[in-house]
Amino acid sequence: MSDILEIKNLHVAIEGKPILRGVNLTINKGETHALMGPNGSGKSTLGLVIMGHPNYEVTEGEILLNGQNILDLDADERARLGVFMAFQRPVAIPGVKMADFLRHATTNVRHPDRKEGEDLISMREFRKEIKDKMGQLQMDSEFARRYVNDGFSGGEMKRAEILQLAMLQPKFAILDETDSGLDADAVRLASQSINEIGHNKMGLLIITHHDKLLEHNPPDFTHVILGGQIVETGGKELAAELHSQGYERIRAEHPESAAANDETETVAST
Amino acid sequence: MSTEISESRELKSTEINKYDFKTKTDAVFKARKGIDEEIVNQISDIKNEPDWMRKFRLDALKIFESKPMPEWGGDIALDFQDIFYYLKPTNEQGRSWDDVPEEIKDTFEKLGIPEAERKYLAGVKAQFESEVIYGSLKEDLANQGVIFTDTDTAVREHPELLREYFGTIIPSTDNKFAALNSAVWSGGSFIYVPKGVKIDFPLQAYFRINEENMGQFERTLIIVDEGAQVHYVEGCTAPMYTSESLHSAVVEVVVKKNGRCRYTTIQNWANNIYNLVTKRAFAYQDAVMEWVDGNLGSKLTMKYPAVYMMEPGARGEILSIAFSSAGQHQDAGAKLVHCAPNTTGTIISKSISKNGGRSSYRGLARVEEGAYNSKCSVVCDALILDPESRSDTYPYIEVAEQDVSIGHEASVSRIGEEQLFYLMSRGLSEAEASTMIVNGFIEPLIKELPMEYAVEMNRLIQLQMEGSVG
Ligand SMILES: Nc1ncnc2c1ncn2[C@@H]1O[C@H](COP(=O)(O)OP(=O)(O)OP(=O)(O)O)[C@@H](O)[C@H]1O
Ligand SMILES: [Mg+2]
């Protein structure tokens with residue numbers, strides 16, 4: 001079956017303040033989309049809303065996964081349907097070991113109907129798999145025993161997000177600035193891990209300010225978001241243009257969105 | 001610590017509360033309700049006690065009657081005349097589980113005690129209501145001179161040793177509930193570990209209250225001689241009734257030069273129990289005393305295990321976990337008293353409040369004059385799971401010496417929405433995610449426990465987390 005994620009006329013507010021103002025985006029299985037835009041334009045917000053963050057209020061529009069509106073589902077239900085997001089700023093959870101957490105997560109995502117308290121995937125199988133995947137990302141096996149994101153370096157945090165992606169093998173993955181904080185080698189390793197899952201098996205939304213990750217994962221589409229709206233869509237050449245020339249042309253061509261962007265940004269920084 | 005990816009943290013939510021069941025038994029003797037001289041004399045008569053103990057009890061009764069209720073801590077709405085102070089469940093203490101009356105044996109089977117005994121314990125005492133109904137100790141330990149018996153038996157069989165310490169660490173005048181215990185005490189453990197004897201496996205006592213409106217007043221005395229070592233573990237449970245019961249123990253511990261004692265409590269009282277306990281240890285030169293105190297359940301717990309560091313080099317460590325849920329107040333904490341130079345004390349306290357529960361940390365760190373070069377560190381962290389719940393910190397620090405180092409850190413956090421979202425975005429349900437966060441919060445304490453108790457503790461936390469749903 002071909003999976004499809006559709007975002008239709010999505011309006012999102014936080015504490016009454018509009019942040020996304022009518023986003024439309026369709027991602028098919030096997031496609032890679034780049035999402036670019038200046039700071040504060042709403043990229044992370046879009047990702048978090050797709051993932052089901054409870055603090056954002058969807059005021060209009062819908063998000064359909066294979067035709068099913070997922071807006072009423074909690075984050076865990078969305079995860080079990082195959083939605084994943086590698087976070088820009090993953091949160092630390094002291095005392096919770098990576099391995100324990102990931103074994104639970106992997107079990108729940110692979111067995112979406114599992115009832116609480118039912119068996120987890122076998123320890124042996126899990127251990128072998130996580131060891132392999134950590135090896136691929138050149139992560140020390142000691143990592144599995146550390147507490148989730150607790151005291152991780154910037155790069156370690158991002159590797160850990162990719163490790164989770166590799167374990168959970170979602171249908172749709174949002175990578176929010178996963179490449180910032182990673183050195184060049186780590187970006188290559190992360191891309192290998194993504195390739196391992198198979199580009200053709202997954203729809204990817206890559207949020208980035210850099211070009212390295214896109215070099216390894218050339219986007220089929222590039223979207224530019226400004227002031228909470230997607231104002232332009234192109235191919236990989238658009239990403240290249242933005243990297244070399246910035247957002248000046250876009251701002252000039254979409255003055256209203258540019259103004260909205262500047263406004264949320266100043267409000268946020270006061 | 002195991003270096004393997006641990007299997008012990010598995011969340012099993014299919015378990016029901018295995019502690020909430022009532023056993024039908026026929027008591028051999030049950031004193032009428034209430035407390036007065038007649039009742040105290042009756043207890044002493046039944047136990048056939050020497051005169052000194054009868055006098056000790058009657059003196060304590062007067063102290064109990066003269067002392068006002070504590071004005072701090074929790075709200076104690078108890079009618080002392082509406083409690084049964086003594087219930088003797090059987091005539092004799094079993095040496096084997098087969099000697100224990102069937103219903104009572106079943107009770108402890110359900111609680112998993114005989115099984116634990118076979119697997120990893122060096123000795124067991126099981127107390128049902130007022131009396132210890134079963135006791136065992138590994139033969140090689142008995143041969144080395146280790147004494148592990150109930151305190152009543154110790155009064156008869158080891159009068160000199162017992163009398164030297166009994167009531168000296170916690171005198172009846174200490175507080176109203178210590179006085180009450182001194183007047184009506186029954187059961188509890190008496191342990192003596194001779195010089196240089198190190199006991200590798202834990203000695204365990206299990207306290208079970210079964211009747212409604214019952215009072216359980218065990219009295220424990222542990223003497224660890226020079227260079228000796230012991231780990232004592234106590235578990236406590238009771239079924240749920242609509243009216244209150246009272247558990248008020250006194251625990252005295254002496255750790256002599258170079259000795260080491262760890263005292264672990266894993267209590268899971270039903271929510272109708274007032275749990276008002278006094279625990280104190282004297283640690284002598286270079287001795288180590290550790291209290292590991294897991295306070296779950298009960299209506300109100302007031303308990304502040306103390307270590308008095310009496311001689312140079314003594315060390316006191318207190319780890320305490322409190323979990324309070326709807327209708328519960330855990331007023332728990334710890335006391336460190338540095339009475340000599342070069343002594344080291346640590347308190348780590350973690351509390352969790354949910355569903356309107358209230359946890360208070362109440363702790364004292366005191367450095368007496370002359371206890372120079374002492375170090376004392378107190379860390380207390382509170383985790384609050386919802387806006388209805390509450391947490392307070394009452395740290396008292398008294399320092400009468402210049403050259404000391406005192407550290408105090410306290411933190412209160414609410415369960416993080418971002419943490420919940422993170423875990424849920426990876427497929428964990430909200431309940432699984434919050435349990436995982438709570439387990440993570442207490443992990444630094446849990447990893448101090450032997451495997452079996454760590455598993456037990458995690459399981460109890462899990463039960464508390466589920467209890468909320470209903
Ligand atoms: N939880 C929040 N509370 C208040 N304001 C928020 C919150 N989340 C996002 N915003 C605001 O919404 C706007 C969009 O934020 P968002 O994080 O989506 O931007 P972004 O495009 O990801 O930026 P960057 O490139 O810096 O990561 C910003 O003005 C931000 O301050
Ligand atoms: Mg962002």
Side-chain angles (χ1 to χ4, degrees), chain A residues 48 51-55 74-87 89-112 114-120 123 126-127 130-131 141-142 144-145 147-150 164-165 167-168 170 174, chain B residues 1-16 321 348 350 352 379 381 383 411 413 415-448 454-455 457-459 461-463 465-466 469:
Chain A
L48 291 168
M51 194 67 247
H53 195 292
N55 286 358
D74 285 335
D76 59 320
E77 297 168 295
R78 300 187 196 192
R80 293 177 197 213
L81 289 177
V83 182
F84 178 91
M85 178 169 182
F87 296 104
R89 279 181 298 271
V91 60
I93 308 174
V96 174
K97 291 203 187 83
M98 280 296 289
D100 293 329
F101 152 61
L102 254 180
R103 187 161 164 230
H104 261 85
T106 310
T107 305
N108 283 2
V109 168
R110 290 193 193 163
H111 306 280
R114 170 179 177 264
K115 301 272 179 310
E116 250 166 70
E118 285 176 8
D119 285 345
L120 298 176
M123 177 62 90
F126 171 75
R127 210 178 275 169
I130 194 172
K131 229 180 131 188
S141 63
E142 182 60 34
R145 272 167 250 143
Y147 298 150
V148 176
N149 297 323
D150 195 20
Q164 294 174 47
L165 169 73
M167 289 299 291
L168 299 180
I174 304 152
Chain B
M1 245 355 276
S2 129
T3 49
E4 290 299 296
I5 292 167
S6 80
E7 208 143 0
S8 66
R9 299 293 182 273
E10 274 183 42
L11 308 173
K12 291 258 182 220
S13 58
T14 45
E15 305 226 21
I16 43 137
I321 302 176
I348 300 175
K350 299 242 174 194
I352 300 152
V379 180
D381 299 325
L383 184 65
S411 80
S413 42
I415 200 157
E417 259 179 3
E418 293 303 323
Q419 294 180 331
L420 270 181
F421 172 65
Y422 188 87
L423 295 180
M424 287 174 74
S425 77
R426 304 311 191 224
L428 273 69
S429 70
E430 184 170 354
E432 286 175 314
S434 26
T435 302
M436 198 168 253
I437 293 167
V438 166
N439 279 329
F441 174 73
I442 57 166
E443 153 84 12
L445 291 197
I446 299 288
K447 72 180 184 202
E448 294 297 315
V455 171
M457 199 65 204
N458 274 331
R459 233 171 47 74
I461 296 276
Q462 172 79 37
L463 279 174
M465 292 299 289
E466 278 158 30
V469 189

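All values reported here derive from a predicted model rather than from experimental measurement. Per chain, numbering begins at 1; letters A, B, ... match sequence-line order.
Gln164(A) CD to Ser425(B) OG: the interatomic distance, rounded to the nearest 0.5 Å, is 7.5 Å. Distance check: Asn108(A) CG to Glu432(B) CD gives 4.5 Å after rounding to the nearest 0.5 Å. In this structure, OG in Ser429(B) is found 8.5 Å from NE2 in His104(A), a value given to the nearest 0.5 Å. Of the inter-residue distances, the one linking Arg80(A) atom CZ with Arg426(B) atom CZ reads 14.5 Å to the nearest 0.5 angstrom. Distance OH/Tyr422(B) to CG/Asn149(A): 4.0 Å, rounded to 0.5 Å.
Phe101(A) and Leu428(B) make their closest contact through O-CD1, 4.3 Å (heavy atoms, listed as atom of the first residue, atom of the second, distance). Contact detail for Asp76(A) and Glu430(B): the closest heavy-atom pair is OD2-N, 4.4 Å. Nearest approach of Met424(B) to Ala79(A), heavy atoms of both residues: O-CB, 4.0 Å. Residues Tyr147(A) and Lys447(B) share a closest heavy-atom pair of OH-NZ, 3.7 Å.
Options Met85(A), Met98(A), Glu77(A) differ in how many heavy-atom pairs under 4.5 Å they form with chain B, and the most are formed by Met85(A). Contacts with chain B were tallied for Val91(A), Leu48(A), Thr106(A); Val91(A) has the most, counting heavy-atom pairs under 4.5 Å. By number of non-hydrogen pairs under 4.5 angstrom with chain A, the leading residue of Pro444(B), Gly416(B), Gly427(B) is Gly427(B).
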Inset, instruction - Show the numbers, then the answer: is there a side-chain contact (heavy atoms from CB on, under 4.5 Å) between Ile437(B) and Ile93(A)? - result: CA-CA 7 Å; Ile437(B) 293 167; Ile93(A) 308 174; 4.1 Å; yes
Inset, instruction - Take Glu443(B) and Lys97(A) through the test salt bridge (Lys or Arg N to Asp or Glu O under 4.0 Å) and record every step on the way to the result. - result: CA-CA 10 Å; Glu443(B) 153 84 12; Lys97(A) 291 203 187 83; 3.8 Å; yes
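More than 12 heavy atoms of other shown residues, nucleotides or ligands fall within 6.0 angstrom of atom CZ in Arg110(A).
In this structure, chain B has no heavy atom under 4.5 Å from any part of Pro112(A). Contacts of Leu168(A) with chain B are made by side-chain atoms alone, with heavy-atom separations under 4.5 Å and no backbone atom involved.
Residues Glu418(B) and His53(A) have side chains in contact (heavy-atom distance under 4.5 Å, counting atoms from C-beta outward). Side-chain atoms of Pro94(A) and Gln419(B), non-hydrogen and from C-beta on, do get closer than 4.5 Å to each other. Under the 4.5 Å side-chain criterion, counting only non-hydrogen atoms from C-beta, Asn55(A) is not in contact with Phe421(B).
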